[in-house]
Amino acid sequence: MIRKRVNSVLANRWFYVAMILFTGVHVWIHFHSEKQSIYDIEDDIFIGELTNIVLSDNKVAYTIDGKEKLLCNYYLKEGETGEPYREKFKLGKKVKMEGTLKEPSANTVPNTFNYKEYLYNHGMFYTCTVKEIEILENKISFFYKIKNFVIDRVMTFDERDYMFTLLIGDKSLLNEETFEEYRKNGVTHLFAISGMHIGLFAGVSLKLLEKLRLKKNKRYILTVSLIWLYAFLVGFSPSVLRACVLFTLLSIVKIFRLEVRTLNVLLLAGCGLLWYNPFLLSDIGFIYSFVTTFGLVYYANLISKHKIMGTSLVATLFSMPITVNHFFKLNLLSPFFNILFVPFVSLIVYPLCILTFLFRFLSPFLRMSIFFLEAVNRVLASIDFLYMVVPKMHLVMIVLYYGILLFGLKKRFYRGALLLIVFVLMNKIKPFLDGNYYVEFLDVGQGDSALIRTSHGKEVILVDTGGVKSFGTNSSPYHVSEKTVVYLNSLGIDKVDAMILTHGDYDHMGEALYLVENIKVEQVLLNCGEHDELEQELIKVLDKKGIDYTSCIKELTLARDTLYFLNEKEYENENDNSSVLYTELDQHKFLIMGDAGVRVEKDLLEKRELQGIDVLKVGHHGSKTSSSKDFIDTVKPKYSIISVGKNNRYRHPNQEVLVNLEDSKIVRTDQEGSIMFQMKNSELQVETCPP
């Protein structure tokens with residue numbers, strides 16, 4: 001009788017409509033109610049249980065769960081390694097951290113990773129820079145003892161990078177270059193513990209228990225218990241949580257013989273998880289997992305007829321907008337690559353990681369499989385003619401895409417799939433339909449970088465690249481221009497027509513080498529004067545790659561506009577030899593000063609008419625060596641842009657310079673992040689991306 005009533009409810013479509021609506025309202029309320037931290041910014045002692053440890057070249061990142069979750073970073077001293085800190089401070093121990101709280105920053109370059117939002121969505125409001133760590137209690141729970149045992153054993157293997165990834169769910173040991181090749185091939189989902197791994201684990205468990213002649217109900221109950229233990233070992237990632245909840249609900253359906261469709265069970269699992277934690281909706285792992293699983297269940301009949309190709313194509317189509325809007329790149333060969341990688345990783349590498357963990361003598365076989373996997377990965381990553389940059393999709397376009405995918409492809413799926421891919425690729429023409437001009441001063445910390453985009457995507461000009469030096473032997477290489485590349489890709493831009501380097505200082509061209517390796521650059525323009533060591537190093541790379549370069553030009557002619565290089569005189573120092581750029585775009589005047597000083601300003605005023613500048617990129621980050629009162633009073637800028645790092649050691653900008661600029665609107669990258677000017681119908685509009 002009870003089962004009949006339950007079946008009646010679960011068969012009613014209005015039950016699911018109401019459930020989705022109520023879940024949507026709950027999630028909306030949750031996202032629109034601001035949460036506050038229990039900690040105060042002045043707090044310096046934090047007590048909690050260690051729940052996660054991640055090692056990197058220059059720090060050990062601990063997550064503790066006390067009053068609330070807190071990410072604590074212990075920065076290694078010169079010559080130190082993080083391994084002793086993993087050995088001493090085991091997961092599950094109660095510890096005391098003494099340190100300084102810091103509020104994380106949001107992304108200051110549009111369409112790039114928002115660290116502040118990421119931590120907030122994981123229940124963390126601050127990060128802590130640790131001075132001292134003390135163990136308060138050595139007692140560890142049974143489950144953490146198991147997890148520590150697994151981690152310690154994995155770390156004894158030469159193949160620890162893949163074992164740590166596929167058994168623990170931590171990719172920190174994987175080689176970055178190799179992982180980037182996996183990303184290029186569109187198969188990184190195989191290296192995140194997800195529904196596929198839970199499904200394999202559960203399937204093997206059910207088969208083994210069946211061989212042991214356990215009754216069906218006991219098999220499912222024991223398997224559910226095992227997968228939740230496994231979920232604990234890998235840290236309850238959102239995709240694993242989704243898979244565990246789904247398998248648990250499906251097991252309940254089997255045990256109680258309920259009449260409910262798998263698709264409806266998936267909706268129950270999704271809504272239940274969002275009631276438990278609405279922030280899962282902002283987690284890319286959860287979104288990937290849920291949307292892809294939904295697609296595979298929705299098109300189960302098609303997949304049953306064309307199992308291998310159908311699974312790969314359906315998964316690709318359902319995940320495509322997510323991939324595009326998070327990575328802005330798409331490999332159209334990834335469905336075919338997945339046909340090769342998925343069986344090999346899921347049926348060979350992953351099981352071998354488990355078996356090698358249990359039986360060490362199998363280590364050579366795991367090593368051989370990894371060698372083969374990486375060799376194939378490297379070869380396929382070199383096939384890049386269908387690997388392309390695709391700009392961020394608008395919400396309306398995404399809704400239309402999934403509408404077609406769900407309701408328009410039932411009868412002719414494969415033809416429709418091709419049309420959907422074309423539909424996504426049409427997004428690539430978006431930059432060429434935009435008739436506006438853009439001049440954007442990107443936040444690169446203590447440095448300069450400006451992006452000029454002319455109407456209809458005709459030209460993309462990058463003026464300087466920024467460059468942040470790392471100090472100390474344990475410092476990880478950091479490329480501030482990674483954000484520049486991501487931002488360009490998010491706009492659908494895969495090449496720079498001209499890279500102008502105003503002069504050879506590191507904070508202006510330190511990222512040039514990285515950029516020419518990671519995005520197509522048509523030509524490089526250098527300033528007047530002798531080339532310093534950094535410029536000479538760049539020239540060697542440009543010669544090797546066949547990229548045109550020239551120095552000391554007077555103007556750069558664009559399709560409809562011209563960039564003028566005003567500083568033709570050679571001085572005895574690199575700053576004063578900076579290229580000074582002037583252009584007029586859609587009736588608005590822009591002047592970019594590089595690091596040119598007062599002497600250059602004086603010479604320019606004697607030779608040029610520079611009154612009524614709309615936007616002035618202030619010289620030398622607001623240093624007192626530039627922006628003299630006479631110069632500013634003459635050019636009379638409406639907007640004065642100061643590109644400067646937050647709390648920089650040079651104490652830029654100088655107070656006297658700020659006084660000189662007070663009649664203009666001063667906008668600083670340390671306060672406002674990237675500063676974007678748009679010229680639309682001859683009107684100048686400004687937008688910022690504050691931290």
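Values below: every heavy atom of this structure, side chains too, minus hydrogens, waters and symmetry copies.
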Using side chain to side chain donor-acceptor pair (under 3.5 Å) as the criterion, point out the one residue from Asn107, Asn121, Thr108 that pairs with Asn114. Asn107

Please enumerate all residues that pass disulfide (SG to SG under 2.5 Å) together with Cys689, with sequence neighbours excluded. none

Pairs in or reaching into [range]: which pass salt bridge (charged side-chain N to carboxylate O under 4.0 Å, His left out), with residues at least two apart or in two chains?
{"range": "residues 675-691", "result": "none"}
{"range": "residues 601-617", "result": "Asp448-Lys617, Glu568-Arg608, Lys569-Asp603, Asp614-Lys638"}
{"range": "residues 438-447", "result": "Glu440-Arg453"}

List the residues meeting side chain to side chain donor-acceptor pair (under 3.5 Å) with [X], not counting sequence neighbours, and say none if there are none.
{"X": "Glu662", "result": "none"}
{"X": "Ser578", "result": "His503"}
{"X": "Asp576", "result": "Asn573, Arg599"}

Table please: side-chain donor-acceptor pairs of residues 537-557 below 3.5 Å, with sequence neighbours left out.
{"unit_1": "Asp543", "atom_1": "OD1", "unit_2": "Tyr549", "atom_2": "OH", "d": "3.3"}
{"unit_1": "Ser551", "atom_1": "OG", "unit_2": "His531", "atom_2": "NE2", "d": "3.0"}

Can you give each donor-acceptor pair under 3.5 Å made by side-chain atoms of residues 379-387, sequence neighbours left out, with the distance rounded to 0.1 Å?
{"unit_1": "Ser382", "atom_1": "OG", "unit_2": "Val379", "atom_2": "O", "d": "2.4"}

Which pairs count as ring pair (Phe, Tyr, Trp, His ring centres under 6.0 Å) when at least one residue sits in residues 662-688, sequence neighbours excluded? Tyr639-Phe677

Do any N or O atoms from the side chain of [X] and from the backbone of [Y] form a donor-acceptor pair under 3.5 angstrom?
{"X": "Asp497", "Y": "Val460", "answer": "yes"}
{"X": "Ser455", "Y": "Tyr437", "answer": "no"}
{"X": "His621", "Y": "Ser643", "answer": "yes"}

Please identify each residue that fulfils ring pair (Phe, Tyr, Trp, His ring centres under 6.0 Å) with Phe191, with sequence neighbours left out. Tyr182

Phe113: partners by ring pair (Phe, Tyr, Trp, His ring centres under 6.0 Å), with sequence neighbours left out: Tyr118

Salt bridge or not between Arg183 and Glu180? Use side-chain N to carboxylate O under 4.0 Å. yes

Can you confirm whether the side chains of Lys77 and Tyr74 place a donor and an acceptor under 3.5 Å from each other? yes

Other residues, nucleotides, ligands: >12 heavy atoms within 6.0 Å of Glu584 CD: yes

Does the side chain of Val618 reach to within under 4.5 Å of the side chain of Ile641, using non-hydrogen atoms? no

